[in-house]
Amino acid sequence: MRLFRLLLTRNLPGQIYLFFAVLIFGASSPVTRKITEIGAAKYVNGHNPVSLCNILFVGNICALLVLLILYGREWSPSRLKLITRNQWLYLSITSIIGSALVPALIFQALATTNVNNIVLIGRVEPALTIAFSIWLLREQINIWGLIGASVSFLGVFLTIALPSHAQDMMVMKNMFTFGTGEICTIIASFAGSISTIIAKGKLLRIPLGIYTIYRTSLGTVIFFSTALILYGQHHFMEAFSPFLWKWMLIYGPVIVVLGQSSWTVGSRLTSVAQASLIGSFTPIIAVITAYLILGEAPTFAQYVGGTIVVFGIMISQFGVYRQQLLQRKNLQDNSIAQLREVESKIGFKGM
């Protein structure tokens, strides 16, 4: 528990928090798939105790217990009174989207397609986030970042459009392998970018503890209620299996609490463009961990699309480097007017 407090309360650069979160997020999908495979060998009453729905539900409960220990004191009446009705409304919307809808869609995608496809197609989200930040938040975006996001978007398209094997290119066979998993991933990416923009535009002043506890609690309740309506009570029959809880007591605190909290802290300390750029490294980590944990070697389409996605990341990173050089040059000038101009271009950093 001390590790959680040190990581989330130390005054570290926002980029450090984001990179740490990306490491966790990149490994989360392969780890989730691996846990379900382990559970398949440990059937209880004819059911897999580590089903994707059980992972999301019980994992969130374990995460919520940790969040209450870490941030429970922030739920004081004096702090809660400072939150307006509109902020509660927007917080509820982001909670439903980010903690119920997006995870449910990604977990459904994990059940129907391979991990590499999910993480590469999920790179649509940074491009959407940048587009929404320009449109809705009027945030100024570096032209190189915009080009990089567009190139990465092209890589995502080729991941979907190209066949899995190079020899199929000659006969135009198996083009556009667009199934349920791919559709779920794109919808989740769109929803995730909307949630990010709402959080950045409306929820900057809400304390982290209130934000994370409310988000996890409401998301868990909405997901559980929806699953009961759609699938019935038997869907969570093995939710109290000791085998499941053994894994979730690790999964929940690390992936849900540490990952999400690090991302939230980092996003509040950086711009949308920086967060989107660092988030673009997720597929690299995910592809590597998918190979190491699951033995999933990338297909031809994933190699081509992934290479272009990485190239887009490099272009965006070049833009960030140029922007940093420009800022350093301006900061060396003693003109207060120029310093204010730099600050106005950077804007407020936060999710």
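The figures that follow rest on heavy atoms only: side chains count, while hydrogens, waters and symmetry mates do not.
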Partner of Phe57 under ring-ring contact (aromatic ring centres under 6.0 Å, His included), chosen from Phe223, Phe224, Phe107: Phe224
Test log, rule side chain to side chain contact (heavy atoms under 4.5 Å, CB included), inputs Trp263 and Phe25: CA-CA 10 Å; Trp263 182 261; Phe25 294 157; 3.8 Å; yes
Within one Ile-Leu-Val-Met-Phe-Trp-Tyr cluster: Leu64 and Ile222, side-chain cutoff 4.5 Å: yes
Side-chain donor-acceptor pair present, Thr94, Tyr211, cut-off under 3.5 Å: no
Thr84 side, atom OG1; Lys81 side, atom NZ - distance, nearest 0.5 Å: 15.5 Å
Considering all heavy atoms, the nearest Gln108-Cys184 contact: CG-SG, 3.8 Å
Minimum heavy-atom distance Leu128-Phe190, with the two atoms named: CD1-CA, 3.7 Å
Trace of the side chain to side chain contact (heavy atoms under 4.5 Å, CB included) decision for Gln87 with Lys202: CA-CA 7 Å; Gln87 286 177 322; Lys202 303 295 183 180; 6.0 Å; no
Short side-chain to backbone donor-acceptor contact, Glu296 and Tyr291, under 3.5 Å: no
Straight-line distance of Ile118 CD1 to Thr112 OG1, nearest 0.5 Å: 6.5 Å
Step-by-step side chain to side chain contact (heavy atoms under 4.5 Å, CB included) determination, Phe19 to Leu23: CA-CA 6 Å; Phe19 273 116; Leu23 287 173; 5.7 Å; no
Evaluation steps, side chain to side chain contact (heavy atoms under 4.5 Å, CB included), between Tyr214 and Ile206: CA-CA 11 Å; Tyr214 185 83; Ile206 295 181; over 6 Å; no
Shortest non-hydrogen separation from Leu244 to Glu238 and the atoms involved: CD2-O, 3.7 Å
Closest non-hydrogen atom pair, Asn116 against Ala290: OD1-CB, 3.6 Å
Donor-acceptor contact below 3.5 Å, side chain Arg215 vs main chain Leu91: no
Ile55 with Leu65, same ILVMFWY side-chain cluster at under 4.5 Å: no
Straight-line distance of Thr212 OG1 to Leu70 CG, nearest 0.5 Å: 8.5 Å
Reported OG-to-CG distance for the pair Ser95 and Leu101, which is rounded to 0.5 angstrom: 12.5 Å
For Gly39 against Pro49, the heavy-atom pair lying closest together: O-CD, 3.7 Å
Main-chain N/O of Ile213 paired to Thr216 side chain as donor or acceptor, under 3.5 Å: no
Nearest non-hydrogen partners of Gly219 and Ala100, listed with the distance: O-CB, 3.5 Å
Pair Thr113-Glu182, side-chain donor/acceptor within less than 3.5 Å: yes
Joint hydrophobic cluster, Leu218 plus Ile83, side-chain heavy atoms closer than 4.5 Å: yes
In one Ile/Leu/Val/Met/Phe/Trp/Tyr side-chain cluster, 4.5 Å: Tyr303, Val309: no
Side-chain touch Trp247/Val58, heavy atoms, less than 4.5 angstrom: no
Phe243 atom CZ, over 12 foreign heavy atoms within 6.0 Å: yes
Straight-line distance of Glu37 CD to Ile35 CD1, nearest 0.5 Å: 10.5 Å
CA sep, side-chain torsions, deciding dist, call: Tyr251, Thr32, side chain to side chain donor-acceptor pair (under 3.5 Å): CA-CA 9 Å; Tyr251 178 95; Thr32 301; 3.3 Å; yes
Straight-line distance of Phe132 CZ to Ile197 CD1, nearest 0.5 Å: 8.0 Å
Non-hydrogen side-chain atoms of Leu18 and Ser262 separated by less than 4.5 Å: no
Shared hydrophobic cluster for Leu82 and Leu208 (ILVMFWY, side-chain gaps under 4.5 Å): no
Heavy-atom side-chain contact between Arg79 and Ile210 under 4.5 Å: yes
Flag side-chain contact, heavy atom, 4.5 Å: Ser51 against Thr36: no
Non-hydrogen side-chain atoms of Ile38 and Val50 separated by less than 4.5 Å: no
